[in-house]
Amino acid sequence: MGKKEYTYTQNREISWLRFNERVLQEARDVSVPLLERMKFVAIFTSNLDEFFMIRVGSLYDMAVMGHEAIDSRSGMNAKEQLEAIYEAVAPLYKERDKTYSDIKKQLAPYGVCSLDFKALEQKEKKFVKKYFKEQVLPVLSPQIVDASHPFPHLLNKEIYVVAKLKKDDTQMFGIVPVPQYISDVVYLPGHDIRYIRMEKVIMEYLELVFEKYEVSNKNYICVTRNADITPDDDSFDDDMDFRNKMKEVLHKRRRMAVVRFETAEPLDKETEKYFCTRLKIEPKQIFRTKMPMKLGFIFEMAEKVPEPMKRSLIDVPFKPQPSGMLMEGNVTKQIKKKDALLFYPYETMDPFLQLVREASTDPNVLTIKITIYRLAKKARLVEYLCAAAENGKEVTVLIELRARFDEQNNIDWSERLEEAGCRVIYGMEGYKVHSKVCLITYRNRNDIEYITQIGTGNYNEKTAAMYTDLSLMTANRAIGEDAAVFFQNMSIGNLEGNYEHLIVAPVSLKATILRLMDEEIKKGKDGRIVMKMNSVTDTDFIEKLSEASKAGVKIDMIVRGICCVLPGVEKETENLSIMSIVGRYLEHARIFSFGTGSEQKIYIGSADMMTRNTEKRVEVACPIYDDTIRKEINHILKVMLSDNIKGRKLQNNGIYTKKEQKEPFINSQEVFMREAMFKGRSVKKKEEKTPFWKKLKKIWKR
């Protein structure tokens, strides 16, 4: 894009902050149950934490090094972007504090009360003091800061209670880490959910901690450190084992520069200067918050809600339903007859897990190969892969150790897989393997058969119930052969492989998407493009969107988060419409649709249109050939584009606005839940109609 005017693009960081603001809007939505609204405040907070650790951390490094690189979407350098971020974040803090306070007040009549000490009843004060003396005080590690005691290293995102101390005529500083291994909150006795946060408890009894000192200016604080570190840094030896290298990365991350400083109470000028000097920060990096700095306890608290109040305070529980395309029974046989698509979290992940479990004991299975980016803490998938290896199958697991903030979990799983006899390999240097591909190879007499699974989301059994994703399972031989070549290439570090059907980054994915867009551009006003993804930053892709719009192609995009292209800009993107959906589940599926009718081409895959994905990651997208599945994906896109409850439309100034509220009122996620329940019931009815002798035959086979 060079030096041309930025008429139809915007800065990625500001775009991301606007996405997170939409999360906060969900917390203010009165139609959402109160504790679910509080969860959105918690999600907004954890999102902002990660934003500072990664995006602000990266810009901070560039600014410190005097990096003059200009953002191609906004024309700003690193320092200017940081200035814009700090300016944009300040009002979000105020909005978050107000939202939290409003929800907290509305929860009180339900007996869900976050309390200050002055609000405790006398017997509750006695309970808390006894709890503090017996359970908390013995495990605290207080420290003074003076000439003999240096200022300690403050850990990333840990809370510290601080105060000024005085003994005789000597003044000093006191710091008490809130221990990581004790509860974030103290629940008070009784039927209601009355609680007080641990940092407030410690702050109240700070005189007992520093009993020989005069205590004043009590406060609690939290630092956010730069976590944007990669194992490709020069400080690591080339011959270091990659798993050990990642352990070093995690250790180094704990000591990176401070990019944000949060405080519960206002700081006087002297204290502000003290922290700025000690932490090497500027006043603009200090943010005061009137709400908790950690909100993870909100999710735990929702589990404590008494049954009579659940309907008022939390969403009606939804359990992922059986697949509408598969019957109960052997999954392998069904997939060999017909492709199936799973739609998480509306449908359960169980059929895919069952497919792997069946493969682990099937005498005809030769190999199981899979790429893993993120796993849950407890993973049945790993159990089945280990069982397969122990049963003599050749199991190859390409596990990405650089999945940010899941590095330790993946290190642990890689060791477990190796112990079971799996062949474990890691991603290529400089390229994260972000694809979601599983290939099972069968011997059928003298022939080789394949079942390939390709998805838009991770093999994470926990997030499969929280994120919307698509998972294709197919016995298509051509796709299986491509997947086999893909795994061969990954095993030898070859990123330049050629594939007939799969499109694979960093080589062919972006080029193919741009070529398919060109095909629609040739059709002019008869061209049609519909895409769904999480983020858009790639400048080549953005320029092609403008080119398509100018040619008259009608383009609809559903983009959850960062979106650096602006729609509806005169003479640039007039035929481009962009919407975003933030709701009960995190939108995560990636879909690319070109054309209409019999000529329509649809792909699903792991990649967003971000430069990091298209050029610096191994991503895989797969064509959809089955007519039934094509119809299902078209239906999904149609419902989402019609969403006028949770859908927001991006304007040409970068601001999202609610869509026009008119009948029919459509909340796409609720539509998909209802449809999944209907399909699930239909499957059960079909099974109930199964003749008794066939059911008996299934039992005998077991």
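Numbers here simply count residues along the sequence, with the first being 1.
Side-chain contact between K532 and M640 is present, with heavy atoms from C-beta onward closer than 4.5 Å. Two residues are said to be in side-chain contact when any heavy atoms from C-beta on lie closer than 4.5 Å; I529 and S593 fail this criterion. Here the side chains of S580 and Y656 are in contact, with some heavy-atom distance below 4.5 Å. By the 4.5 Å heavy-atom criterion applied to side chains, K338 and T628 are counted as neighbours. Within the 4.5 Å cutoff, the side chain of K432 has no heavy atoms near those of the N613 side chain. Here the side chains of V397 and R423 are not in contact, with every heavy-atom distance at 4.5 Å or above. Between E26 and R22 there is no side-chain heavy-atom pair separated by less than 4.5 Å. Looking only at side-chain heavy atoms (C-beta outward), V553 and R528 stay at 4.5 Å or farther from each other.
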- [ ] Verify side-chain hydrogen bond (donor to acceptor under 3.5 Å, both in side chains) between T614 and D538, making sure each step is shown before the conclusion.
- [x] CA-CA 8 Å; T614 57; D538 188 285; 2.9 Å; yes
TODO: Apply side chain to side chain contact (heavy atoms under 4.5 Å, CB included) to the pair R416 and W413, showing each step before the final yes or no.
DONE: CA-CA 5 Å; R416 167 76 181 92; W413 281 127; 4.2 Å; yes
TODO: Might you work through the side chain to side chain contact (heavy atoms under 4.5 Å, CB included) test for V504 and E619, ending with a clear yes or no?
DONE: CA-CA 5 Å; V504 181; E619 307 273 11; over 6 Å; no
Task: Test side chain to side chain contact (heavy atoms under 4.5 Å, CB included) applied to D350 and Q354, step by step - done: CA-CA 6 Å; D350 286 351; Q354 185 178 332; 5.9 Å; no
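Here H635 pairs with nothing under the ring-ring contact (aromatic ring centres under 6.0 Å, His included) rule; sequence neighbours left out. Here T45 pairs with R96 under the side-chain hydrogen bond (donor to acceptor under 3.5 Å, both in side chains) rule; sequence neighbours left out. With sequence neighbours excluded, no residue satisfies ring-ring contact (aromatic ring centres under 6.0 Å, His included) with F299. Considering only residues two or more places apart in sequence or on other chains, S15 meets the side-chain contact (heavy atoms from CB on, under 4.5 Å) condition with Q10, I562, C563. For N391, the side-chain hydrogen bond (donor to acceptor under 3.5 Å, both in side chains) test picks out no residue, with sequence neighbours left out.
Considering every non-hydrogen atom in both L545 and I555, the closest pair reads O-CD1, 3.6 Å. The two residues L576 and P567 have their closest heavy-atom pair at O-CB, 3.1 Å.
Between the D315 side chain and the P317 main chain, no donor and acceptor come within less than 3.5 Å of each other. A distance-only check finds no donor-acceptor pair linking the side chain of D339 to the backbone of T474 [under 3.5 Å]. A distance-only check finds no donor-acceptor pair linking the side chain of N534 to the backbone of R590 [under 3.5 Å].
The number of heavy-atom neighbours closer than 6.0 Å to NZ of K336, taken from other residues, nucleotides and ligands shown, is above 12. Few gaps surround CG on D447; more than 12 heavy atoms of other groups in view lie less than 6.0 Å from it. Heavy atoms from other residues, nucleotides or ligands lying under 6.0 Å from CZ of R477 number more than 12.
At a threshold of 4.0 Å, the pair E632-K679 counts as salt-bridged, since one of the basic side-chain nitrogens sits closer than that to a carboxylate oxygen. Salt-bridge check for K39 with E36: passed, with a basic side-chain N closer than 4.0 Å to an acidic carboxylate O. Between K544 and D518 a salt bridge is recorded (basic side-chain N to carboxylate O distance below 4.0 Å). Using a cut-off of 4.0 Å between Lys/Arg side-chain N and Asp/Glu carboxylate O, E461 and R380 are scored as salt-bridged.
With values rounded to the nearest 0.5 angstrom, L295 atom CG is found 14.0 Å from F40 atom CZ. To the nearest 0.5 angstrom, I624 atom CD1 is 10.5 Å from N476 atom CG. Taken from CZ in R55 to CG in N226, the straight-line distance is 11.0 Å, to the nearest 0.5 Å. Rounded to the nearest 0.5 angstrom, E328 CD and Q334 CD are separated by 10.0 Å. Atom CZ of R73 sits about 6.5 Å away from atom CD1 of I542, to the nearest 0.5 Å. Interatomic distance, T348 OG1 to L353 CG, rounded to the nearest 0.5 Å: 7.5 Å.
Seen from the ring of F486, K369 does not count as a face-on cation partner, given the 6.0 Å and 45° thresholds.
Among Y373, Y344, F352, the one residue that satisfies the ring pair (Phe, Tyr, Trp, His ring centres under 6.0 Å) test with Y459 is F352. Checked options V530, L641, V536, L650; the residue passing with M557 is V536 (criterion: side-chain contact (heavy atoms from CB on, under 4.5 Å)).
Between the side chains of S471 and Q453, a donor-acceptor pair is found at a separation under 3.5 Å.
The stretch residues 577-597 participates, sequence neighbours left out, in these ring-ring contact (aromatic ring centres under 6.0 Å, His included) pairs: Y346-Y585, Y467-H588.
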